[in-house]
Amino acid sequence: MTDDHDVLVVGGGPAGLSAALNLGRALMRVLVIDADRPRNAATLNSHGFLTRDGVPPHELRRLAREELAAYPNVEIRSRVRVGALARADAGFIAGIGRREPVETVSSRSVLLATGLRETLPEVPNLRGFYGMSVFSCAACDAWELRGRRMALIGESVDLADRARLIARWTQSLTVFTNGADVVTTTEEAELAASGVAVLRHPISELVGERGRLEAIRLADGASVAVEGGFVRPEWETDLSFLEGFAPSVDGHGHLVTDRSGRTDVAGLYAAGDAAAPGPQQLIVAAGAGARVAAVIVHDTIGVATSH
């Protein structure tokens, strides 16, 4: 067992890597454990990240790791997982590795930047279009679809609200509930008044070639021409590796933190998609990682300054 880490960062996305950079610059001894299975792996280009607008997500991560290589006090281990994380007298003990036997490491503090697991609605061949012409984040990708005939596919109760948001970028939006009763008659009437149609039949097929969506066919035989759109996934936080303690989560399973990223478990912090309110733009997650890194440094030495 090694015990020479100040901070264990679980997750190597924008939040975790941004935190590792700022922790490293504060002379903290940092270990980043990354399973290397990002939620946005299907996305060809990421948007909204200042100076990196349009860069593929995997390239953004590569650039970050390249920068972190300049800090000898920061270590990144890829394609490995934290199999167990438990409390210890001086902080935390983690079992990491790809298979048994695992290596055991200890750390004074832990930052959970694990992101979320994503489940798409049960729609035939949806994965063939996801990340190319069908997306999940309007703020990230709606600009590229602006003015086109769009679809919104989902089975969640917030579907009407998402439709109101996406309608900002198009005057032709159709909501597909895939047979789920998630849009009320009042919401449907309000959307119709704004020119947004709601179709409730199950989806039988997405039509298009090479990832470019052209139409959506329904089980009743109808076909609706579209030129792209959005899907509302279900998201889940995986905290199964926590042993003997359970930080608070909100009604959606996201980790509850104070405004500085502290959970209600001493020494345990969270940033990025795993923390409430949930899925965020990459630049927001990176900013959260930087903020939490500063808080960890301050908490370690017992100061409460803003810089």
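Being a predicted model, the structure only gives us computed values, none of them experimental. What's counted below: heavy atoms across the whole structure, side chains too, no hydrogens, waters or symmetry copies.
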> Quick one: does V123's side chain get under 4.5 Å of F176's, heavy atoms only?
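Sidechains of F176 and V123: no contact.
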> Could you list the cluster mates of L63? Members are the ILVMFWY residues connected by side-chain heavy atoms closer than 4.5 Å, either directly or through other members.
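Same cluster as L63: nobody, lone residue.
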> Hydrophobic clusters join Ile, Leu, Val, Met, Phe, Trp and Tyr when side-chain heavy atoms are under 4.5 Å apart, directly or via other members; which others share one with L21?
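When side chains under 4.5 Å apart are linked, the cluster holding L21 also contains V7, V9, L17, L23, M28, V30, V32, L68, Y71, V74, I76, L111, Y269, V292, V295, I296, V297.
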> Please identify each residue that fulfils side chain to side chain donor-acceptor pair (under 3.5 Å) with R262, with sequence neighbours left out.
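For R262 the side chain to side chain donor-acceptor pair (under 3.5 Å) partners, ignoring immediate neighbours, are D258, D299.
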> Indicate, with yes or no, if L173 and L126 share a hydrophobic cluster defined by side-chain heavy-atom contacts under 4.5 Å among Ile, Leu, Val, Met, Phe, Trp and Tyr.
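No; tracing contacts between hydrophobic side chains, which count when under 4.5 Å, never links both residues.
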> With rounding to the nearest 0.5 Å, note down the distance linking CZ in R108 to NE2 in H5.
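Spacing of CZ (R108) from NE2 (H5) equals 13.5 Å.
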> Same hydrophobic cluster for L242 and V265, using side-chain heavy-atom links shorter than 4.5 Å among ILVMFWY?
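Same hydrophobic cluster.
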> Hydrophobic clustering (ILVMFWY, side-chain heavy atoms < 4.5 Å, transitive) - are L112 and V105 grouped together?
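Both belong to a single hydrophobic cluster.
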> Could you walk me through whether W235 and D273 pass the side-chain contact (heavy atoms from CB on, under 4.5 Å) check?
CA-CA 10 Å; W235 293 292; D273 290 357; over 6 Å; no
> Counting heavy atoms not belonging to E59, are there more than 12 under 6.0 Å from its CD?
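Buried by this count: over 12 neighbours within 6.0 Å.
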> Would you compute the distance between atom OG of S109 and atom CZ of F92 and round it to the nearest 0.5 angstrom?
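One finds 7.0 Å between OG of S109 and CZ of F92.
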> Write out all pairs satisfying disulfide (SG to SG under 2.5 Å) with one or both partners inside residues 173-292, taking only residues at least two apart or from two chains.
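Of all non-adjacent pairs touching residues 173-292, none passes disulfide (SG to SG under 2.5 Å).
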> List for me each residue that meets side chain to side chain donor-acceptor pair (under 3.5 Å) alongside E75, sequence neighbours excluded, and say none if there are none.
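For E75, the residues satisfying side chain to side chain donor-acceptor pair (under 3.5 Å) (neighbours in sequence not counted) are R77.
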> Determine whether V10 and V110 make a side-chain contact, defined as any pair of heavy atoms from C-beta on separated by less than 4.5 Å.
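Touching, per the 4.5 Å side-chain cut-off.
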> Between V224 and V175, is there a shared hydrophobic cluster once you connect ILVMFWY residues whose side-chain heavy atoms come closer than 4.5 Å?
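No: no chain of side-chain contacts under 4.5 Å links V224 to V175.
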> Hey, what else clusters with V256 if you join Ile, Leu, Val, Met, Phe, Trp, Tyr whenever side-chain heavy atoms sit under 4.5 Å?
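Taking Ile, Leu, Val, Met, Phe, Trp and Tyr as members, V256 stands alone, with no cluster partners.
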> Could you tell me whether the side chain of T185 reaches within less than 4.5 Å of the side chain of E187, counting heavy atoms only?
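No. Closest side-chain heavy atoms not under 4.5 Å.
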> Any non-hydrogen side-chain atom of L218 less than 4.5 Å from a side-chain atom of L199?
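Counting from C-beta outward, L218 and L199 do come under 4.5 Å.
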> Within the 4.5 Å heavy-atom criterion, are W169 and F230 side-chain neighbours or not?
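They are not in contact (no side-chain heavy atoms under 4.5 Å apart), so the answer is no.
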> Can D4 and R29 be counted as an ion pair, charged N to O under 4.0 angstrom?
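No, no charged N to carboxylate O under 4.0 Å.
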> Please tabulate, for the side chains in residues 140-153, all donor-acceptor contacts under 3.5 angstrom to protein atoms that are two or more places apart in sequence or on a different chain.
{"residue": "R146", "atom": "NH1", "partner": "W143", "partner atom": "O", "Å": "2.7"}
{"residue": "R149", "atom": "NE", "partner": "E227", "partner atom": "OE1", "Å": "3.4"}

> Once side chain to side chain donor-acceptor pair (under 3.5 Å) is applied, do any residues pair with E243, and if so which ones, sequence neighbours excluded?
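E243: no side chain to side chain donor-acceptor pair (under 3.5 Å) contacts found.
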> Which residue pairs satisfy the disulfide (SG to SG under 2.5 Å) criterion with at least one member in residues 197-246, sequence neighbours excluded?
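Pairs touching residues 197-246 that pass the test: none.
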> Can you find a pair of side-chain heavy atoms, one from V249 and one from H254, that are under 4.5 Å apart?
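No, side chains not in contact.
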> In Å, rounded to the nearest 0.5 Å, how long is the span from CG of D161 to CZ of R164?
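Between D161 CG and R164 CZ, I get 5.0 Å after rounding to 0.5 Å.
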> Could you name each residue pair satisfying disulfide (SG to SG under 2.5 Å) that touches residues 190-300, not counting sequence neighbours?
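Found none.
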> So, using side chain to side chain donor-acceptor pair (under 3.5 Å) as the criterion, who are the partners of R65 when residues are at least two apart?
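With neighbours one apart ignored, the set is D34, S78.
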> So do I216 and V207 actually touch side chain to side chain, heavy atoms under 4.5 Å?
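V207 does not reach I216 side chain to side chain.
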> Give a yes or no on this: more than 12 heavy atoms of other residues, nucleotides or ligands lie within 6.0 Å of atom CD1 of I301.
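Check passes, neighbour count above 12.
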> Report the distance from atom CD of E122 to atom CD1 of I203, rounding to the nearest 0.5 Å.
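Result: 12.0 Å between the selected atoms.
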> Once disulfide (SG to SG under 2.5 Å) is applied, what residue pairs with a partner in residues 259-297 remain, sequence neighbours excluded?
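Of all non-adjacent pairs touching residues 259-297, none passes disulfide (SG to SG under 2.5 Å).
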> Looking at R62, I'd like to know if its CZ atom is crowded, meaning that more than 12 non-hydrogen atoms belonging to other residues, nucleotides or ligands lie closer than 6.0 Å.
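Check passes, neighbour count above 12.
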> State whether R200 and E188 are salt-bridged, where the test is any N-O pair (Lys NZ or Arg NE/NH1/NH2 against Asp/Glu carboxylate O) under 4.0 Å.
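Yes, R200 and E188 are salt-bridged.
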> Hey, is CZ on R291 packed in by over 12 heavy atoms from elsewhere, all under 6.0 Å?
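Result for CZ/R291: enclosed.
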> With the side chain counted from C-beta on, respond yes when D36 and R61 share a heavy-atom pair under 4.5 Å apart, and no when they do not.
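D36 reaches R61 side chain to side chain.
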